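Dumping the structure here so I can ask a few things about it.
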2 protein chains.
Amino acid sequence: MTLLDSVVMQGLGRHGALTEEDKTLLLGLELNPRRVSAGEVLWQESADVDLFCVIKEGWAYSYRNLGNGSMQILKVYLPGDIIGMRDFGFARRLAGVAMINEGVICPFTHQQLFEIFGCSPALAVGLIAMTVRQQAILTERLVYLGRYAAHERLAHFLYELYLRLKRIGAVEDNGFFMPLSQEQVGDALGLSAVHVSRTFSMLRDEGLVVRDRQHVTLPDPEALARLVEFNDTYIDEALPAVFQSFT
Amino acid sequence: MTLLDSVVMQGLGRHGALTEEDKTLLLGLELNPRRVSAGEVLWQESADVDLFCVIKEGWAYSYRNLGNGSMQILKVYLPGDIIGMRDFGFARRLAGVAMINEGVICPFTHQQLFEIFGCSPALAVGLIAMTVRQQAILTERLVYLGRYAAHERLAHFLYELYLRLKRIGAVEDNGFFMPLSQEQVGDALGLSAVHVSRTFSMLRDEGLVVRDRQHVTLPDPEALARLVEFNDTYIDEALPAVFQSFT
DNA sequence: GAGCGTCGATAACCTGCGTTATGAATCTCT
DNA sequence: AGAGATTCATAACGCAGGTTATCGACGCTC
């Protein structure tokens, strides 16, 4: 899973917007792969912002540790995602990032990012669009935290993962690998681990979600989508036409 | 309140990063002021993304109307803020925007934005930083929705407004004008209007917040900040050093 | 394969917040 | 200035979800 395979860049590629030079620049972000272990912290909250990363393998999450002892997971990152763009424009990290399972990441610097911005308007637009898209996912989570009940939050969370994993070819027979513990799911959804367990049981009893250890299957994804009224424009939609004249 | 007075741009100006041409470009975003009335919807969810806006006067909010009949307010915009950047990179609006009270807005187009990106790296960085900053505010709200109780959410919300208003000179004697109804505050914080009322009473009884109709006073802002462990780096922090060599 | 730590299921209990309702105060329109 | 519409405060009641606790099932390591 390289950045070139990622969704936004594929979109740009389809429109013929990417030159060979663009592709070279993009691959330049992935020259320094590093193997990381499960649970490894890539950076802490408030650390200096020096690097960004492409995830090649494994899952990660960004998080905030709170004064009251709890943790809020902000976002789960999958292979092909860029980590750290949230902090672009800040001197210090607004959130920590840790690996969920083991994987491979490719760090790159501010300088590389600036170089891309300077050399390739098409890539600049692509990177910005990618960042905005990640924010859209965050916004969707905010809506769910604010206004939906536990079973809707969990259903939405699983369905979102399902869609994102499907795009990168990580779904088989409506099932996928899901390395998060229920405690971590709770930290992402603003629920206690106990209630996540209860809610999983509920969804199982309704035939919407089957879970076996770290493997989740959605027997009827469409039924789940209906339950959460999933709005998938923010995940799948192409760049608007106006960008094509620009790039 | 013009964009030039806004915080990020002031930051850039202080570093001497803005040329006269930059300033002209920036003022070009504010050539078409339009008076808007209280409650006026600037655009609906799913509408085509054609315009962005600078708010010159008045408050606005972005929101999502949900299937279950409730509404989630995503963000409150104050004078000097840019509205709509959230949708940059999408063909359709991810959220509606409406005015809270009457005011003046200055719409501008994609084309103007592209022109700025093309002509002035300094402004491009400033705009991106501004967008990222708005997203940081959203993230902070997400954390509070997920992991804090009603009184903490409200205290945080008020203190954030206090800081943002102070920066634009709209705070006097620790008090400020706050045109949101309790129902709207509830929609922002994921609470019912009734509970917002209860919580206001609670904060009043503790001497932390005085409210008289649309006027809010924080007798002891520092005490409030301590209550919410307010992390203000995301509001006030300057651009990191690496940007200064770039711009 | 014994021992230990993590993870998840389920139960019992409690509370913060939603819901509904009522009345008072304030705003708006004519 | 009167009528209707908003907005807000407060109370009564119920429930979703937090908390604590217990137990079984899997993973580790030696």
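We use all heavy atoms of the structure for the numbers below, so side chains are in, but hydrogens, waters and symmetry mates are not. Each chain gets a letter, A, B and so on, in the order its sequence line appears, and its residues count up from 1. No experiment lies behind these values; they were computed from the predicted model shown.
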What does A:Ser181 touch in the nucleic acid at a heavy-atom separation under 4.0 angstrom: a base, only the sugar-phosphate, or nothing?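 If one applies the 4.0 Å heavy-atom cut-off, A:Ser181 turns out to touch the sugar-phosphate alone, with no base involved.
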Would you mind reading off the distance between A:Met178 atom CE and C:dC7 atom P, rounded to a whole angstrom? 13 Å
Length of the line joining B:Gln184:CD and D:dT6:C1', which is rounded to integer Å: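 It is 12 Å, rounded to the nearest whole Å.
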Above 12 or not: heavy atoms from other molecules or residues under 6.0 Å from CD of A:Glu152? yes
For nucleotides 15-20 of chain C, 5' to 3', base contacts (B), sugar-phosphate-only contacts (S) and non-contacts (-) with protein non-hydrogen atoms under 4.0 Å give --BBBB
Does C:dA9 have OP1 or OP2 sitting under 4.0 Å from an N or O in the side chain of A:Ser197?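 The answer is yes; a side-chain N or O of A:Ser197 sits under 4.0 Å from OP1 or OP2.
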Could you walk me through whether B:Glu40 and B:Ser37 pass side-chain hydrogen bond (donor to acceptor under 3.5 Å, both in side chains), step by step? CA-CA 6 Å; B:Glu40 185 169 337; B:Ser37 51; 3.2 Å; yes
OP1 or OP2 of C:dA9 versus the side-chain N and O atoms of A:Gln182: is any pair under 4.0 Å? yes
Using the test side chain to side chain donor-acceptor pair (under 3.5 Å), find all partners of A:Ser62 that sit at least two apart in sequence or belong to another chain.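 For A:Ser62, the residues satisfying side chain to side chain donor-acceptor pair (under 3.5 Å) (neighbours in sequence not counted) are A:Arg86.
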Tell me whether B:Arg211 forms a cation-pi arrangement with B:Phe200, defined as NZ or CZ under 6.0 Å from the six-membered ring centre and within 45 degrees of its axis.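 Cation-pi check for B:Arg211 and B:Phe200: passes.
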Once you round it to whole Å, what is the distance between C1' of C:dC7 and CZ of A:Phe200? 13 Å
Find out whether the Lys NZ or Arg CZ of A:Arg133 is both under 6.0 angstrom from the six-membered ring centre of B:Phe90 and within 45° of the ring's axis. yes
Among A:Ile73, A:Thr199, A:Val196, A:Leu191, side chain to side chain contact (heavy atoms under 4.5 Å, CB included) partner for A:Val185: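 Passing option: A:Val196.
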Can you list the residues that meet the side-chain contact (heavy atoms from CB on, under 4.5 Å) rule with B:Asn32, with sequence neighbours excluded?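 With sequence neighbours excluded, B:Asn32 shows a side-chain contact (heavy atoms from CB on, under 4.5 Å) to B:Pro107, given in chain and number order.
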For B:His215 and C:dC27, give me the distance from atom NE2 to atom C1', rounded to whole Å.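 Roughly 19 Å, once rounded to whole Å.
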Given side chain to side chain contact (heavy atoms under 4.5 Å, CB included), test A:Val76 with A:Leu180 step by step and report yes or no. CA-CA 10 Å; A:Val76 173; A:Leu180 289 158; 4.2 Å; yes
Under 4.0 Å from any atom of DNA chain D, heavy atoms only: list the residues of residues 202-212 of chain A that qualify, in numerical order.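 Output list: empty, so none.
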Between A:Gly190 and A:Arg153 the two heavy atoms that sit nearest each other are O-NH1, 3.6 Å
Return the orientation label for the B:Tyr144 and B:His156 ring planes: parallel under 30°, perpendicular over 60°, tilted otherwise.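 B:Tyr144 and B:His156: parallel rings.
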Excluding sequence neighbours, so at least two apart, what forms side chain to side chain donor-acceptor pair (under 3.5 Å) with A:Arg141?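 Partners of A:Arg141 by the side chain to side chain donor-acceptor pair (under 3.5 Å) criterion, ordered by chain and then number, come out as A:Glu160.
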Specify the separation, in whole Å, of atom CD of A:Glu183 and atom P of C:dA9. 14 Å
Encode nucleotides 25-30 of chain D as B, S and - characters from 5' to 3', where the letter depends on protein heavy atoms closer than 4.0 Å: B to the base, S only to sugar-phosphate, - to neither. ------
Take atom CG of A:Asn68 and atom C1' of D:dT19, then tell me their distance rounded to the nearest Å. 14 Å
